**Q** 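Take a look at this one; I'll ask things after.
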There are 2 protein chains.
Amino acid sequence: MSPAQPAARKPRADVARNRARILDTALRHFTEHGVGTSLEALAKDAGVGPATLYRHFPTREALLAAALDVRGEALLARLEPLQALARSDADEGLRQWLLALEGYLNTFSGLPEPVLAALASHSSPLAANCERLVKLTDDFLRAAQRDGTARPTVRARDLFLSALFLAWTDRAPLGEDALPTLRELLETGYSTR
Amino acid sequence: MSPAQPAARKPRADVARNRARILDTALRHFTEHGVGTSLEALAKDAGVGPATLYRHFPTREALLAAALDVRGEALLARLEPLQALARSDADEGLRQWLLALEGYLNTFSGLPEPVLAALASHSSPLAANCERLVKLTDDFLRAAQRDGTARPTVRARDLFLSALFLAWTDRAPLGEDALPTLRELLETGYSTR
DNA sequence: ATACAAAGCGGAGGCGGCCTCCATTTGGCG
DNA sequence: CGCCAAATGGAGGCCGCCTCCGCTTTGTAT
């Protein structure tokens with residue numbers, strides 16, 4: 001039932017090729033110039049016209065979401081070990097997960113902004129990605145709460161936002177020790193120790 | 001010694017007039033459209049050419065700093081009562097001050113970004129403004145620490161960043177109760193209760 | 001009052017980024 | 001090989017940033 005009655009035409013080969021080129025270039029440009037990089041320059045560098053870029057990824061956020069999915073694989077690779085850790089030490093597992101999350105939210109400079117917007121908008125291509133991460137955070141949090149090492153009033157979204165906050169400030173060269181101190185403050189806020 | 005030898009010329013009258021017009025319009029535009037508002041439109045609305053705007057305020061940040069100084073008066077008006085409160089209840093004084101700070105950092109939509117940048121850059125027109133606020137936060141914090149209601153390892157800059165974070169998330173329509181929960185988490189992080 | 005010069009002014013225009021038509025090309029299929 | 005739908009990319013309109021540069025305004029000296 002999913003394909004309509006007339007036999008579907010095989011998709012053209014250049015579509016996939018162009019999509020791959022664009023995504024590849026996007027990863028480079030987002031990494032080097034941040035999420036605000038010029039899409040025009042990106043398209044030129046990928047060897048396609050602006051229209052092609054916009055056809056494949058109608059908005060900057062759509063492209064960003066696709067690029068994040070690629071980078072997200074690295075995060076997911078770290079997931080299982082952390083889950084194992086959490087089973088023996090829920091507190092440490094949660095802490096490490098939040099650190100990994102912070103790193104991920106820092107994948108591209110300027111990423112926290114659109115992520116925050118996505119958290120609120122619910123209709124952004126990034127939203128699904130974020131919700132999955134909040135869900136995972138919730139798993140770690142629940143384990144820690146069962147162990148009594150995390151306060152019961154804390155919610156997963158709060159922790160996600162805390163990691164987002166840290167990622168946000170990461171990019172600004174504040175003092176040497178500003179980040180660790182902030183992490184500690186937040187940790188004190190959610191943990192029972 | 002401050003004026004050079006030849007008698008200085010009285011400054012022209014239109015300079016002050018234009019500056020006032022621009023600043024006035026800037027307050028309106030920043031309030032209505034956020035810190036990213038079009039400076040071109042702003043200039044037109046103020047009845048001056050773009051060049052005049054840029055002569056008075058060479059960068060967006062300079063204009064923003066001037067506008068914030070105006071709005072800052074409202075914050076300073078709340079300062080003395082809060083200081084009085086802090087003398088009798090340092091904990092509550094600090095909490096209220098941080099709330100006032102959060103509100104101030106939300107004066108214009110999008111303000112947290114440039115403020116964070118200013119905190120790091122040290123050469124931004126906003127930097128002086130920020131440092132003054134950090135200094136004030138330090139006064140409240142020290143009082144609370146003397147009273148033993150604030151952890152001794154916390155620093156004023158951390159609290160300022162916390163308020164900035166809350167202001168940053170304020171603008172995103174997250175859940176109904178997201179903000180209070182976050183405030184509570186941060187509060188738990190810096191206080192001894 | 002008038003003339004002068006310095007200071008200030010604003011429009012015009014170059015630049016770069018965003019995004020969208022649409023004429024042309026590409027590639028799958030018979 | 002030829003057809004045709006799908007995909008492409010360049011051209012171009014729009015907007016915002018920012019800077020010259022010729023002109024006007026304003027204070028001051030006569």
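From a predicted model like this one, the values you see are computed outputs, not experimental measurements. Only this structure's heavy atoms are used, side chains among them; waters, hydrogens and symmetry mates stay out.
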**Q** Show me the donor-acceptor pairs, under 3.5 Å and distance only, between side chains in residues 104-112 of chain B and residues at least two apart or in other chains.
**A**
{"from": "B:Tyr104", "atom 1": "OH", "to": "B:Leu68", "atom 2": "O", "distance (Å)": "3.3"}
{"from": "B:Asn106", "atom 1": "OD1", "to": "B:Arg171", "atom 2": "NE", "distance (Å)": "3.0"}
{"from": "B:Asn106", "atom 1": "ND2", "to": "B:Asp170", "atom 2": "OD2", "distance (Å)": "2.9"}
{"from": "B:Thr107", "atom 1": "OG1", "to": "B:Tyr104", "atom 2": "O", "distance (Å)": "2.3"}

**Q** Got a sec, which residues hit ring pair (Phe, Tyr, Trp, His ring centres under 6.0 Å) with A:Tyr190, two or more places apart in sequence or on another chain?
**A**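 For A:Tyr190, no residue satisfies ring pair (Phe, Tyr, Trp, His ring centres under 6.0 Å) once neighbours in sequence are set aside.
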**Q** Look only at the side chain of A:Gln145 and the backbone of A:Val154, and say whether a donor-acceptor pair between them is shorter than 3.5 Å.
**A**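 Side chain of A:Gln145 to backbone of A:Val154: a pair is present.
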**Q** Toward the 5' end of DNA chain C, which comes first, B:Val48 or A:Thr37, by nearest nucleotide?
**A**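 In this pair, the answer is B:Val48.
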**Q** What does A:Ala43 touch in the nucleic acid at a heavy-atom separation under 4.0 angstrom: a base, only the sugar-phosphate, or nothing?
**A**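 Contact class for A:Ala43: none.
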**Q** So which one's nearest nucleotide on DNA chain D is more toward 5', A:Asp14 or B:Arg17?
**A**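 Result of the comparison: A:Asp14.
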**Q** Would you mind reading off the distance between B:Arg19 atom CZ and C:dG8 atom P, rounded to a whole angstrom?
**A**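 Interatomic distance, CZ of B:Arg19 to P of C:dG8: 13 Å.
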**Q** Would you mind classifying the nucleic acid contact of A:Gly36 as base, sugar-phosphate or nothing, using non-hydrogen atoms under 4.0 angstrom?
**A**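 No contact at all - A:Gly36 keeps every heavy atom at 4.0 Å or more from the nucleic acid.
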**Q** Give every donor-acceptor pair under 3.5 Å between a side-chain atom in residues 79-87 of chain B and any protein atom, sequence neighbours left out.
**A**
none

**Q** Whole-Å distance between C:dC18 P and A:Phe57 CZ?
**A**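 Those two atoms, CZ and P, are 16 Å apart.
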**Q** If you compare every side-chain N and O of A:Ser38 against the phosphate oxygens of C:dC18 (OP1, OP2), does one of them come in below 4.0 Å?
**A**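 Result: yes.
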**Q** Using whole Å, report how far CG of A:Leu42 lies from P of C:dC18.
**A**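 In whole Å, C:dC18 P and A:Leu42 CG are 10 Å from each other.
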**Q** If you take all heavy atoms of A:Asn129 and A:Ala65, which pair is closest and at what distance?
**A**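 Scanning both residues completely, I find the closest heavy atoms to be ND2-O, 4.4 Å.
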**Q** Could I get a table of every N or O pair under 3.5 Å where one atom is in the protein and the other is in nucleotides 19-25 of chain C?
**A**
{"from": "C:dC19", "atom 1": "OP2", "to": "A:Tyr54", "atom 2": "OH", "distance (Å)": "3.2"}

**Q** Return all side-chain donor-acceptor pairs below 3.5 angstrom for residues 33-51 of chain A, not counting sequence neighbours, or 'none' if the list is empty.
**A**
{"from": "A:Ser38", "atom 1": "OG", "to": "A:Glu40", "atom 2": "N", "distance (Å)": "3.3"}
{"from": "A:Ser38", "atom 1": "OG", "to": "A:Ala41", "atom 2": "N", "distance (Å)": "3.0"}
{"from": "A:Asp45", "atom 1": "OD2", "to": "A:Arg28", "atom 2": "NH1", "distance (Å)": "3.3"}
{"from": "A:Asp45", "atom 1": "OD2", "to": "A:Arg28", "atom 2": "NH2", "distance (Å)": "3.4"}
{"from": "A:Asp45", "atom 1": "OD2", "to": "A:His29", "atom 2": "NE2", "distance (Å)": "2.9"}

**Q** What verdict does the side chain to side chain contact (heavy atoms under 4.5 Å, CB included) test give for A:Ile22 and A:Leu63, after you've listed the backbone C-alpha separation in whole Å, the side-chain angles of each residue and the deciding distance to 0.1 Å?
**A** CA-CA 9 Å; A:Ile22 291 169; A:Leu63 182 53; 4.2 Å; yes
**Q** Is it the case that over 12 heavy atoms from other parts of the model lie below 6.0 angstrom from the CZ atom of A:Arg142?
**A**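 Result for CZ/A:Arg142: open.
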**Q** On DNA chain D, which is the earliest and which the latest nucleotide, 5' to 3', with an atom closer than 4.0 Å to a heavy atom of chain B?
**A**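 Both ends considered, the range comes out as D:dG16 to D:dT28.
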**Q** After noting the C-alpha distance and the side-chain angles of A:Thr31 and A:Arg71, does the key distance pass the side chain to side chain donor-acceptor pair (under 3.5 Å) rule?
**A** CA-CA 11 Å; A:Thr31 301; A:Arg71 284 285 203 267; 2.9 Å; yes
**Q** Separation of B:Asn18 atom CG from C:dA7 atom P, in whole Å?
**A**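 Distance check: B:Asn18 CG to C:dA7 P gives 17 Å.
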